[in-house]
Amino acid sequence: MAFGKGCHLHLIDGSAFIFRAYHALPPLTRKSDGLPIGAVAGFCNMIFRYVEANEGPDAPTHVAVIFDKGSHTFRNDLYDQYKANRDAMPEDLRPQMPLTREATRAFNIACKEIEGYEADDIIATLSRQAQAAGGRVTIISSDKDLMQLVGDGVEMLDAMKNRRIDREGVLEKFGVYPERVVDVQALAGDSVDNVPGAPGIGIKTAAQLINEYGTLEELLDSAEQIKQPKRRQTLIEKREQIELSKRLVQLDEATPLDFTLDDLEVLEPDPEVLLPFLAEMEFRTLTKRIADKLGVESPEIQIAAPAPEEGPSLADLPFDPDSYTCVRSAEDLAPWIAQIHARGWVAVDTETTGLNEMTADLVGISLCIEPGEACYIPLAHKAPGAADDLFTEDAPVEGQMPMADALALLKPVLEDPAVLKIGQNMKYDAKIFARQGIEIAPIDDTMLMSYAMHAGLHGHGMDALSDKYLGHTPIPIKSLLGSGKSQITFDRVPLDEAVKYAAEDADITLRLWQMFRPRLHTAQVTRVYERLERPLVPVLARMEMAGIKVDRETLSRMSGAFAQKMAQLEEEIHGLAGRTFNVGSPKQLGEILFDEMGLEGGKRGKTGAYATGADVLEDLATLHELPARVLDWRQLSKLKSTYTDALQEHINSETGRVHTSYSIAGASTGRLASTDPNLQNIPIRTEEGRRIREAFVAEPGKQLIALDYSQIELRILAHIAQIDALKEAFREGQDIHAATASEMFGVPLDEMTPDVRRQAKAINFGVIYGISAFGLARNLRIPREEAKAFIDRYFERFPGIRDYMDATKGFAKEHGHVATLFGRKIHTPEINARGPRAGFAQRAAINAPIQGTAADIIRRAMIRMEDAIRDLPATMLLQVHDELLFEVEEGAEDALIAAARRVMEEAAEPVIKLDVPLVVDAGTGANWAEAH
DNA sequence: CCTGTCACG
DNA sequence: GACGTACGTGACAGGG
């Protein structure tokens with residue numbers, strides 16, 4: 001069909017699709033050969049979704065996907081810096097580029113690119129041709145450069161946001177209509193494409209100037225008349241640069257094409273072509289979906305067994321467990337040490353008798369210097385267990401170096417500032433070595449490299465990373481140790497097996513390091529890794545080793561009291577129920593409440609059991625006494641089992657202190673997580689619970705000091721979202737929730753009631769969490785309509801908040817991640833999902849930059865803290881997200897507070913100058929309850 | 001091993 | 001138009 005009046009042309013910006021697909025999906029690889037395929041998969045999905053969405057009455061008659069071709073265009077001849085600051089294409093995306101073309105053709109959609117021209121120029125040329133022929137055009141892209149084409153039958157469609165952009169939309173974005181967009185762009189420049197523009201003039205100012213003077217040329221000719229001296233000078237002095245910028249942003253509407261509009265007619269996909277392509281890519285789900293849609297049978301997808309030697313990215317070297325060396329003597333070890341010095345780096349891994357670094361004993365050390373070249377140094381292996389004779393059982397295995405000898409030889413290497421020690425989760429090994437008197441440094445950590453690059457995409461344990469990035473499943477530790485009751489410790493593992501396992505770990509670590517090192521740069525997270533992740537390792541190691549003194553007597557006394565009270569309550573509850581049952585069983589409790597007692601409103605969860613959460617029981621408490629007693633019982637049960645009992649088990653017998661372990665790469669937002677035990681959730685909100693903190697004490701002659709950031713997340717929100725009213729309130733030191741309430745409800749601050757303030761507080765928190773009327777309604781126990789009215793009012797009073805939320809969601813959808821002020825990336829792979837998961841992902845995306853920036857700030861404070869308090873008799877013990885806890889000798893409290901507060905309040909600087917002050921509150925006491 | 005519950009920021 | 005919703009964690013008990 002010839003293109004003409006009544007025709008509708010769709011032009012799809014192919015590169016935008018590809019990059020969106022690439023960033024939206026984890027680095028998927030084709031199962032059979034490891035070919036990176038994530039972007040192709042995403043691309044095909046997007047094309048398919050596009051096709052499905054365009055079957056209606058407004059279906060296009062003509063369509064093409066347009067790509068960029070080559071990196072050199074006429075714009076580079078005009079200006080050699082054009083797009084010069086663009087990152088190189090990620091290594092794993094490059095091989096996917098030709099496949100996206102193939103995919104387009106497989107869908108039977110015209111696929112066009114022309115050497116030396118950008119896709120935008122081809123799109124411009126086709127749009128004008130279509131307009132001239134009397135047809136309509138829809139450009140599927142969100143690239144603002146294309147906005148100059150809009151109007152007179154040409155519209156843009158942002159496929160992700162599903163938003164059409166017409167002339168008014170362009171006006172909204174640029175402040176001018178499409179025909180003047182290039183003028184505004186020429187002035188404002190574009191940092192992404194490295195278009196210089198006029199320094200100091202952004203889109204707002206540019207639009208204002210153009211609207212005042214009509215066109216860019218008229219503006220430049222009348223530059224002398226401009227009142228603002230700075231602006232006038234810029235426009236006069238930078239005229240050439242501005243005119244060059246205009247030529248750079250101006251799309252070429254006369255690109256020579258080797259095809260015509262008629263060639264772009266919409267065609268049905270041919271199942272004989274499309275399905276084999278999808279099957280070859282090994283897209284199971286998509287192949288089936290499309291086959292169903294086309295009404296044909298889905299082809300069988302044959303996935304050959306992975307052939308590691310054919311893996312393209314890792315054409316390296318297969319893993320050979322038999323190639324590893326067992327080092328049994330100083331003579332064996334010497335050449336390894338020489339090789340390490342020759343290279344300047346070595347991957348190191350320790351094997352121990354357990355997972356708790358404070359109690360586990362060193363069993364052996366493995367080293368790797370090149371992929372495939374690794375050794376294991378057994379140091380404390382014993383004969384395999386269960387010997388009849390208790391004495392021979394503990395005899396060391398023959399042929400091991402004395403531990404002291406090995407450590408004496410390794411210590412200089414491990415502490416050599418010229419030798420980089422590479423590990424996976426180095427904090428563990430650093431602590432093991434520290435207990436042997438070795439301060440390992442400098443270090444790299446593959447777990448943290450992965451975390452900096454891939455937070456939110458997947459876990460960062462070695463097994464996951466090896467599988468994903470090396471296509472190799474490591475020997476499972478369970479195969480050596482067994483599990484459950486018969487589990488043995490690593491010192492009982494036979495040497496030949498131990499060598500294979502341990503050396504492989506070091507080998508994997510080295511290979512991951514070689515792969516990740518360049519990728520840190522392409523992912524632009526080198527600074528995050530080097531400034532926020534890696535330096536934290538020694539800091540946390542020292543905090544964990546310091547531990548905090550916990551008074552067993554106090555806990556034990558509380559346990560006894562709790563047990564007594566619980567027994568009492570249990571009796572009462574059984575009496576009220578009319579029979580005995582396990583109060584701790586939600587299942588049994590639900591049956592009692594809703595089946596036997598016949599209370600109304602029982603809701604079943606997905607397992608079919610009644611929900612009996614605190615919110616449910618609180619509602620029921622108005623109807624009957626039993627649920628109220630159960631709530632009391634549950635509180636005590638929680639306190640006893642999780643705190644007063646369990647904490648006693650964690651008191652280290654040697655130090656008399658409790659040593660938590662922080663996971664650096666656990667939470668996707670950059671927060672730390674505390675485990676074994678978790679010291680970040682010690683009770684404080686209720687009086688009974690709070691008393692548990694009395695058991696966390698300072699040594700005699702010392703004090704505990706707690707410093708915590710006041711409202712740090714709301715302050716960050718005020719800064720990021722640029723909310724002037726919030727900023728002002730913080731600058732004036734106002735009660736922020738009261739100030740919010742006052743602004744929203746018009747109540748003067750001195751007439752504020754606690755209830756109004758409470759509601760405003762809930763809204764403030766809600767905003768940080770990605771507010772919804774439902775969530776707020778549930779939190780405040782008010783009707784949803786009322787909650788919605790609150791939120792509407794809030795957005796009305798603080799319109800910047802909604803802009804922030806929309807912008808953050810949009811960014812996540814486009815890039816597949818969000819970022820903190822310090823550049824930490826948090827990936828949001830589900831952001832383009834459908835159904836309830838989309839909501840989750842969106843709220844998480846809104847929250848992540850705020851929570852993550854707060855996490856970055858306290859990390860910066862912790863990293864600087866040791867230096868700042870070096871001369872004080874004080875130790876940093878714990879971090880609880882926005883709080884740091886110190887132990888300090890009596891008499892030095894004030895000095896510590898002053899020094900630590902300064903570090904914390906200035907922690908964002910100099911990278912970020914926040915528009916709001918950071919404020920730190922401090923408390924001192926003999927125990928944690930008093931210090932808070 | 002999963003689910004529900006509840007402790008924290 | 002229906003659906004299901006506050007963000008981030010870890011530990012414990014029950015129950016299959």
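Heavy atoms only: backbone and side chains are in, while hydrogens, waters and symmetry mates are out. All chains are named by letter (A, B, ...) in the order of the sequence lines, taking the proteins before the strands, and each is independently numbered beginning at 1.
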> At under 4.0 Å between heavy atoms, what does A:Asp676 touch on the DNA or RNA strands: base, sugar-phosphate, or nothing?
sugar-phosphate

> Under 4.0 Å between a side-chain nitrogen and a carboxylate oxygen: does that hold for A:Arg824 and A:Glu533?
yes

> How is A:Gln635 classified with respect to the nucleic acid when contacts are heavy atoms under 4.0 Å: base, sugar-phosphate, or nothing?
sugar-phosphate

> Pick base, sugar-phosphate or nothing for A:Ala848, based on heavy-atom distances below 4.0 Å to the nucleic acid.
nothing

> What is the nucleic acid contact for A:Ile682, judged by heavy atoms within less than 4.0 Å: base, sugar-phosphate only, or nothing?
sugar-phosphate

> Quick one: label A:Leu672 by what it contacts on the DNA or RNA (base, sugar-phosphate, nothing), any heavy atom closer than 4.0 Å.
nothing

> Give one of base, sugar-phosphate or nothing for A:Gly770, where a contact means two heavy atoms less than 4.0 Å apart.
nothing

> Side chains of A:Glu544 and A:Thr660: do they bring a donor and an acceptor to under 3.5 Å?
no

> Of all the nucleotides listed (C:dT5, B:dG9, C:dG8), which has the minimum atom distance to the side chain of A:Phe774?
C:dT5

> Just compare C:dT9, C:dG15, C:dC12 and give me whichever is closest to any side-chain atom of A:Thr642.
C:dC12

> Output the single nucleotide from C:dG10, C:dT5, C:dC12 whose closest atom is nearest the side chain of A:Ala646.
C:dC12

> Would you kindly give the OH-to-P distance between A:Tyr610 and B:dT5, to the nearest whole Å?
14 Å

> Does A:Ala611 reach a base, just sugar-phosphate, or nothing at all? Heavy atoms under 4.0 Å.
sugar-phosphate

> Closest approach to the side chain of A:Arg693, judged atom by atom: which nucleotide of B:dC8, C:dG10, C:dA6 is it?
B:dC8

> Using a distance-only test with no angle check, is there a side-chain donor-acceptor pair under 3.5 angstrom linking A:Asp595 and A:Tyr610?
yes

> Is DNA chain C part of any stem, that is, at least 3 consecutive Watson-Crick or G-U pairs with both distances under 3.5 Å, and where?
B:1-9 with C:7-15

> Looking for any heavy atom pair under 4.0 Å, which part of the strands does A:Ile768 touch: base, sugar-phosphate only, or nothing?
nothing

> Applying a 4.0 Å non-hydrogen cut-off, can you work out what A:Asn779 is touching in the nucleic acid: base, sugar-phosphate, or nothing?
base

> Consider the side chain of A:Arg784, meaning its heavy atoms from C-beta on, and name the nucleotide among B:dA7, C:dC7, C:dG4 that approaches it most closely.
C:dG4

> Which nucleotide in the list C:dG10, C:dG14, C:dG8 gets nearest to the side chain of A:Asn678?
C:dG10

> Considering only the P atoms, how many Å lie between C:dA6 and B:dC2, rounded to the nearest integer?
22 Å

> Is it the case that A:Tyr794 and A:Asn764 place a side-chain donor and acceptor less than 3.5 Å from each other?
yes

> Ignoring hydrogens and angles, are the base of C:dT5 and the side chain of A:Arg837 linked by a donor-acceptor pair under 3.5 Å?
no

> In whole angstroms, how far is the P atom of C:dC7 from the CD1 atom of A:Ile831?
12 Å

> Rounded to the nearest Å, what distance is computed from the CD atom of residue A:Gln851 to the C1' atom of nucleotide C:dA6?
13 Å

> May I ask you to say what A:Phe765 touches in the nucleic acid, namely base, sugar-phosphate or nothing, with a heavy-atom cut-off under 4.0 Å?
nothing

> Could you give the distance from CG (A:Asp708) to CG (A:Leu885), rounded to the nearest 0.5 Å?
10.5 Å

> What I want to check is whether an N or O donor and acceptor connect the side chain of A:Arg778 with the base of C:dG4 at under 3.5 Å.
no

> Could you state the CG-P distance from A:Asn847 to C:dT5, rounded to the nearest angstrom?
18 Å

> With no hydrogens and no angle check, just 3.5 Å: does a side-chain donor-acceptor pair link A:His659 and A:Glu357?
no

> From B:dG9, C:dA13, B:dA7, pick the nucleotide closest to the side chain of A:Pro683?
B:dA7

> Has A:Arg671 got a side-chain N or O lying under 4.0 Å from the OP1 or OP2 atom of B:dG9?
no

> I want to check one thing: is the phosphate of B:dG4, taken as OP1 and OP2, less than 4.0 Å away from some side-chain N or O of A:Thr612?
no

> Give a yes-or-no answer on whether the side chains of A:Asp551 and A:Thr554 include a donor-acceptor pair shorter than 3.5 Å.
yes

> With a 4.0 Å cut-off on heavy atoms, is A:Arg685 in touch with a base, just the backbone sugar-phosphate, or nothing at all?
base

> Rounded to the nearest Å, what distance is computed from the CD1 atom of residue A:Ile716 to the C1' atom of nucleotide C:dG8?
14 Å

> Please step through side-chain contact (heavy atoms from CB on, under 4.5 Å) for the pair A:Arg657 and A:Val550, ending with a clear verdict.
CA-CA 6 Å; A:Arg657 298 169 75 96; A:Val550 171; over 6 Å; no

> Assign A:Gly839 to base, sugar-phosphate, or nothing according to its heavy-atom contacts below 4.0 angstrom with the strands shown.
nothing

> Can you check the A:Gln680 CD to B:dG9 P distance for me, whole Å?
10 Å

> Are side-chain N/O atoms of A:Asp467 and A:Thr473 paired as donor and acceptor at under 3.5 Å?
yes

> Calculate the interatomic distance between A:Arg859 atom CZ and B:dG9 atom C1'; express it in whole Å.
15 Å

> If we take the C1' atom in both B:dC6 and C:dA2, what is their distance in whole Å?
31 Å

> Taking the side chain of A:Ile771 as its heavy atoms from C-beta onward, which of C:dA6, C:dG14, C:dT9 lies nearest to it?
C:dA6

> Without placing hydrogens or testing angles, list every side-chain donor-acceptor pair under 3.5 Å for residues 775-784 of chain A, not counting sequence neighbours.
| from | atom 1 | to | atom 2 | distance (Å) |
| --- | --- | --- | --- | --- |
| A:Arg781 | NH1 | A:Asp619 | OD1 | 3.0 |
| A:Arg781 | NH2 | A:Glu618 | OE1 | 3.1 |

> I want to verify a distance call: between C:dG8, C:dG14, C:dT5, whose nearest atom is closest to the A:Ser772 side chain?
C:dT5

> In whole Å, what is the span from the CD atom of A:Gln842 to the P atom of C:dT5?
15 Å

> Which nucleotide in the list C:dT9, B:dG9, C:dG15 gets nearest to the side chain of A:Gln588?
C:dG15

> Using a cut-off of strictly less than 4.0 Å, decide whether A:Arg843 has a side-chain nitrogen or oxygen near OP1 or OP2 of C:dA6.
no

> Using OP1 and OP2 only, check whether a side-chain N or O of A:Ser637 sits under 4.0 Å from C:dA13.
no

> Have a look at A:Ala762 and say if it touches a base, only the backbone sugar-phosphate, or nothing, with a 4.0 Å heavy-atom cut-off.
base

> Distance check, rounded to the nearest 0.5 Å: A:Ser559 atom OG versus A:Gln648 atom CD?
5.0 Å

> If you measure from the C1' atom in B:dC8 to the same atom in C:dC3, how many Å do you get, rounded?
31 Å

